[in-house]
**Student:** 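Let me begin by handing over the structure; questions about it come next.
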Amino acid sequence: MADLSIQVHDVDGIAVVQPEGFVNAHTVRQFESALEELARSGRVTILLDCEHLNYISSAGLGAIMGLIEPIREQEGDILLCNLQRNVRSIFETLGFTQLYRVFSSREEALRTLAGKSE
Amino acid sequence: MKAHGSPETFRLTIPSQTRYLNLVTGLAKRASSVAGLGDADSSKVSIAVDEAVTNVILHAYHGDAERWVEIELCFEPRDLVIHIWHDGDGLAEDEITLPDPGEYVTHPRKGGLGLLLMSRFMDEVHFFESPDRSECRMVKHVD
C-alpha cells in the first residue's frame with residue numbers, strides 16, 4: 001500500500017479531499033501539491049475528509065497552515081471532518097481547532113456549508 | 001528482561017531518508033504499547049519520534065540521504081526512554097525557544113511545530129551534543 005493516496009471529489013462546488021494513509025515529511029509534497037492545485041484552479045472551499053488519514057505530522061500541518069491565508073483571501077476556506085482520535089489530538093493540542101472548523105462527519109460539514117451559501 | 005535491573009533495549013539504524021519514517025513511527029507505536037502505554041499515548045510517542053527523526057534528516061543532515069540515524073528504545077520500569085543519535089549538526093537545548101501555538105492561530109505559518117509537538121507529547125525532551133555525535137532523548141512515563 002502506498003504511504004499516501006489522495007482522492008478529490010467535487011460536491012456542489014466544494015472540493016472534498018480524502019487523504020488515505022500518512023502525511024509526514026515523506027509524503028507532504030504530494031499532499032501540498034493536491035491542495036495547491038485546487039487553490040490555483042479557484043476551488044477554494046476545501047473540505048478535508050480525514051476518515052482514512054491515519055497520521056499527520058507537523059509537515060502536513062505546515063502544508064495546511066501555508067495555504068489557509070491565501071485561500072481565505074480568495075474567500076475560501078479549509079475545513080476538516082472525520083478526524084481520527086490521534087489526528088484530532090494534534091489539532092487540539094496545538095489549539096488549531098480554533099483556526100479550522102472541524103466537523104464530526106462529511107454530511108454535517110456539507111450541510112453547514114450548504115446552509116451558509118443559501 | 002536482563003538481570004540486575006538493566007532495562008531491555010533495542011536499536012534500529014536507518015539511512016537518513018524520509019521513506020523510512022513510517023517504519024520507525026510504526027515501531028515506536030508498537031514499542032509504546034509493549035511498554036504499557038495506551039493507544040492515545042502510543043500515538044503521541046510515534047508522532048514525537050517522527051518529528052525527532054524528521055528534524056535529523058532535514059535539519060541536522062540538510063537532506064543528505066547518505067547518512068544514518070540510530071534509534072534506541074529503552075524499556076525502563078516506569079519510563080519508555082527513546083534515544084535518537086546522529087552525527088550531523090547538533091541542536092543546543094539552551095538555544096531552543098518553543099513557539100507559542102497561539103501565534104499560529106492569529107498568524108498561520110509553516111515551520112516550528114515539530115519541536116512543539118515533541119514537547120507536548122512527551123514528558124521530557126532533551127538534546128545533547130558531543131564531538132562525535134548528537135542526541136535527542138525523549139522520555140514518556142508509564143503510569
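Letters go in sequence order (proteins before strands), and every chain restarts at 1.
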**Student:** What is the distance from atom OG of A:S57 to atom CG of B:L113, rounded to the nearest 0.5 Å?
**Tutor:**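 One finds 10.0 Å between OG of A:S57 and CG of B:L113.
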**Student:** Checking A:Q84 against chain B: side chain, backbone, both or neither under 4.5 Å from a heavy atom?
**Tutor:**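 Contact with chain B: none, neither part.
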**Student:** Heavy-atom distance under 4.5 Å to chain A: side chain of B:Y20, backbone, both or neither?
**Tutor:** neither
**Student:** Is it true that a side-chain atom of B:E51 and a backbone atom of A:S58 form a donor plus acceptor pair closer than 3.5 Å?
**Tutor:** yes
**Student:** Please report the interatomic distance CG(A:D3) to CZ(B:R19), rounded to the nearest 0.5 Å.
**Tutor:**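 Reported value, rounded in 0.5 Å steps: 10.0 Å.
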**Student:** Just wondering, are more than 12 heavy atoms of other shown residues or ligands nearer than 6.0 Å to CG in B:D143?
**Tutor:**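 No - once you tally the heavy atoms of other residues, nucleotides and ligands closer than 6.0 Å, there are 12 at most.
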**Student:** Would you say B:V125 ends up clustered with B:F128 if hydrophobic residues are merged whenever their side chains have heavy atoms under 4.5 Å apart, either directly or through other cluster members?
**Tutor:**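 No: no chain of side-chain contacts under 4.5 Å links B:F128 to B:V125.
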**Student:** With a 4.5 angstrom heavy-atom cut-off, is it the side chain or the backbone of A:L94 that approaches chain B, or both, or neither?
**Tutor:**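 The answer is both parts of A:L94.
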**Student:** Salt bridge between B:D39 and A:R85, side-chain N to carboxylate O under 4.0 Å?
**Tutor:** yes
**Student:** Using the rule that Ile, Leu, Val, Met, Phe, Trp and Tyr join whenever any side-chain heavy atoms are under 4.5 Å apart, tell me whether B:L80 and B:L12 fall into a single cluster.
**Tutor:** yes
**Student:** Is any side-chain heavy atom of A:F22 closer than 4.5 Å to one of B:D50?
**Tutor:** no
**Student:** What are the two closest heavy atoms between B:L21 and A:H26, and how far apart are they?
**Tutor:** CD1-N, 4.2 Å
**Student:** Find the distance between CZ (B:R120) and CD1 (A:I90) and round it off to the nearest 0.5 Å.
**Tutor:** 13.0 Å
**Student:** Ignoring hydrogens and geometry beyond distance, is a side-chain donor-acceptor pair present between B:N22 and A:Y55 at under 3.5 Å?
**Tutor:**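 No, because no side-chain N or O of B:N22 sits under 3.5 Å from a partner of the opposite role on A:Y55.
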**Student:** Say whether B:V53 and B:L58 are linked into one hydrophobic cluster, either directly or through other cluster members, by side-chain heavy-atom distances under 4.5 angstrom.
**Tutor:** yes
**Student:** Is A:R29 atom CZ crowded by more than 12 heavy atoms from other residues, nucleotides or ligands, each under 6.0 Å away?
**Tutor:**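 Check passes, neighbour count above 12.
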**Student:** Check this for me: A:R40, atom CZ, are more than 12 non-hydrogen atoms of other residues, nucleotides or ligands nearer than 6.0 Å?
**Tutor:**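 Counting other residues, nucleotides and ligands, CZ of A:R40 exceeds 12 neighbours.
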**Student:** Identify which part of B:S46 has an atom lying under 4.5 Å from any heavy atom of chain A, answering side chain, backbone, both or neither.
**Tutor:** both
**Student:** Do A:N24 and B:T18 have side-chain heavy atoms sitting under 4.5 Å apart?
**Tutor:** no
**Student:** Indicate if A:M65 and B:L116 have the same hydrophobic cluster label, given that clusters are the connected sets of ILVMFWY residues with side-chain heavy-atom separations under 4.5 angstrom.
**Tutor:**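 A:M65 clusters together with B:L116.
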**Student:** Starting from B:I84, can I reach B:V81 by hopping between I/L/V/M/F/W/Y residues whose side chains sit under 4.5 Å apart?
**Tutor:** no
